[in-house]
Student: 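Got a structure for you, questions after.
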Amino acid sequence: MHKNLKILVTGANGQLGSEIFSRSKKDHNNYYFTDIQQLNLTDFNAVDEYIKEINPDVIINCAAYTAVDMAENEQDLAMSVNVNAVNNLGIIAKNNNITIIHISTDYVFDGRSYLPYTELDEPNPISVYGYTKLLGENALIESGCNGVIIRTSWLYSTYGQNFFNTISRLANTRSDISIVFDQIGTPTFAGHLADAIIKIIPQLETTDGMSIYHFSNEGVCSWYDFATEIANLLNFQMKIYPIHSEEYPTTAQRPFYSLLDKSKIKNSFGIEIPHWRKGLLECVEGNYSKINF
């Protein structure tokens, strides 16, 4: 790809969009950031007009409906954001020769495996959220546009609503909490995913069609392990107790095991992926100010 690319980031107020924003200042490419307040991705004509005005080389789609439990009762809204909006971007990208980087999720899998999931494993989502994210992947592939789909897992940062911020908030109001220990995966620091995306962008010139990749931090843990490590690093005195998932019923089913195999993204793009504990340490030590668009 030529130098000084125009890069449009959607879902810019979310945790990944915010991490890309903080890193974009050190990148030579030209970034444009938009969120639902400026652009409704479900409105095809509005998106088409906006994208033709900016004329980006690359779109990083961080926009998504991610409220896993609420999606069970807000299926139309989840479909609108995770499928229809993505389909709009795919069609417009195809028509204007724009490369797309789209973020998907480990929740496209059912979690019944005992081996890390590769990109060749058959998806089988067990929640509305996972199902709509899979349909979004399929819509992009069927649009015929070029780019990559990156599935990630347990994404968190200091921005937005996520497990890290929830534990931090509860520590100020609770003396003890109970966290499930029988759901296994890998926490992913959104800052590390942002770094990987920025590194991948210059290598996408030869992309033909959509390719799927997996990215999370290295290592493996349970939600209980993750909560305990957050509490330790932040010196919280709150007691954390391990419980079974059946003791903490949720509206949506979660995969019990959703470890992602990252071999493909590491080999294809020369990505070095830090351990999840390093990601957590960087998140805790980072002092990015909150960004508004």
Side-chain angles (χ1 to χ4, degrees), residues 14-16 18-19 64 66-72 103 105-114 116-117 126-127 129-130 133 151-194 214-260 262 273-288 290:
Q15 49 186 338
L16 180 57
S18 296
E19 293 289 355
T66 58
V68 178
D69 287 320
M70 288 173 63
E72 298 294 314
I103 309 305
T105 174
D106 58 324
Y107 278 38
V108 300
F109 297 113
D110 59 22
R112 297 189 181 104
S113 176
Y114 293 96
Y117 285 100
I126 54 176
S127 65
Y129 166 69
K133 290 297 287 183
R151 292 176 181 148
T152 191
S153 67
W154 298 20
L155 200 65
Y156 71 93
S157 80
T158 55
Y159 305 107
Q161 295 185 359
N162 56 65
F163 189 79
F164 173 82
N165 284 335
T166 297
I167 296 298
S168 301
R169 186 183 72 250
L170 290 176
N172 293 319
T173 57
R174 303 269 290 273
S175 59
D176 63 85
I177 56 170
S178 298
I179 303 289
V180 297
F181 75 92
D182 55 0
Q183 293 176 25
I184 306 299
T186 310
T188 304
F189 175 41
H192 285 167
L193 177 53
H214 290 171
F215 181 95
S216 69
N217 278 114
E218 297 284 17
V220 56
C221 68
S222 69
W223 287 111
Y224 167 77
D225 298 325
F226 187 30
T228 301
E229 194 72 10
I230 293 169
N232 288 342
L233 281 177
L234 294 174
N235 293 314
F236 292 151
Q237 302 307 308
M238 174 179 63
K239 289 183 178 178
I240 303 174
Y241 299 103
I243 58 170
H244 292 91
S245 294
E246 62 195 34
E247 297 176 73
Y248 186 76
T250 55
T251 308
Q253 276 188 282
R254 265 78 168 169
F256 280 108
Y257 181 96
S258 62
L259 210 62
L260 298 176
K262 279 86 67 175
I273 304 178
H275 192 273
W276 69 264
R277 282 195 176 89
K278 187 172 189 298
L280 181 57
L281 189 61
E282 284 188 31
C283 180
V284 168
E285 292 178 344
N287 54 2
Y288 302 120
K290 181 64 183 141

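The first residue in the sequence is number 1, and the count goes up from there. Keep in mind that what you see is a predicted model, and the values were worked out from it rather than measured.
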Student: What closest approach, in Å, do K262 and S216 show between heavy atoms, and which atom pair accounts for it?
Tutor: NZ-OG, 3.0 Å

Student: Heavy atoms, side chains only, cut-off 4.5 Å: are P255 and Y107 in contact?
Tutor: yes

Student: Identify the heavy atoms of M238 and A171 that sit nearest to each other, and give their distance.
Tutor: SD-CA, 3.7 Å

Student: How close do D182 and F256 get, counting heavy atoms only, and between which atoms?
Tutor: O-CD2, 3.2 Å

Student: First locate atom CZ of F189, then atom OG1 of T158, and finally report the distance between them rounded to the nearest 0.5 Å.
Tutor: 7.0 Å

Student: With sequence neighbours excluded, what pairs up with W154 under the ring-ring contact (aromatic ring centres under 6.0 Å, His included) test?
Tutor: W223

Student: Could you state the interatomic distance from OG1 (T188) to CG (L193), rounded to the nearest 0.5 Å?
Tutor: 7.5 Å

Student: Please identify each residue that fulfils ring-ring contact (aromatic ring centres under 6.0 Å, His included) with Y241, with sequence neighbours left out.
Tutor: none

Student: To the nearest 0.5 Å, tell me how far D69 CG sits from Q253 CD.
Tutor: 11.5 Å

Student: Can you see which heavy atom on S222 is nearest to which on I184, and at what distance?
Tutor: CB-CD1, 3.8 Å

Student: List in chain and number order the residues that pass salt bridge (Lys or Arg N to Asp or Glu O under 4.0 Å) with D110, two or more places apart in sequence or in another chain; answer none if no residue qualifies.
Tutor: R112

Student: Any carboxylate oxygen within less than 4.0 angstrom of a Lys/Arg side-chain nitrogen, looking at R254 and D106?
Tutor: no

Student: Looking at A252 and S127, what are the two nearest heavy atoms and their distance?
Tutor: CB-CB, 4.1 Å

Student: Name all residues meeting the ring-ring contact (aromatic ring centres under 6.0 Å, His included) criterion together with F109; count only those two or more places apart in sequence or in a different chain, and write none if there are none.
Tutor: Y117, H214

Student: If the condition is ring-ring contact (aromatic ring centres under 6.0 Å, His included), which residues does F181 pass it with, not counting sequence neighbours?
Tutor: H244

Student: Applying side chain to side chain donor-acceptor pair (under 3.5 Å), which residue pairs with at least one partner in residues 160-172 are found, sequence neighbours left out?
Tutor: Q15-N162

Student: Please report the shortest heavy-atom distance between A190 and L155, naming the atom on each side.
Tutor: CA-CD1, 3.8 Å

Student: Distance from I103 atom CD1 to L16 atom CG, nearest 0.5 Å?
Tutor: 5.5 Å

Student: Going by side chain to side chain donor-acceptor pair (under 3.5 Å), H192 matches just one of K278, E19, E218, E282. Which one?
Tutor: E282

Student: Are F236 and L170 close enough that some pair of their side-chain heavy atoms sits under 4.5 Å apart?
Tutor: no

Student: Taking the side chain as C-beta and beyond, is there a heavy-atom pair between S178 and E247 under 4.5 Å?
Tutor: no

Student: Would you indicate whether the side-chain heavy atoms of Y156 and P187 approach each other to under 4.5 Å?
Tutor: yes

Student: First locate atom CD1 of I240, then atom CD of E229, and finally report the distance between them rounded to the nearest 0.5 Å.
Tutor: 10.0 Å

Student: Do D225 and T228 meet the criterion of a side-chain donor-acceptor pair at a distance under 3.5 Å?
Tutor: no

Student: Would you say the side chain of L234 lies within less than 4.5 Å of the side chain of I167, judging by non-hydrogen atoms?
Tutor: no

Student: Answer yes or no: is there a side-chain heavy-atom contact under 4.5 Å between V284 and F164?
Tutor: yes

Student: Got a second to check how far L259's CG is from S153's OG, nearest 0.5 Å?
Tutor: 7.5 Å

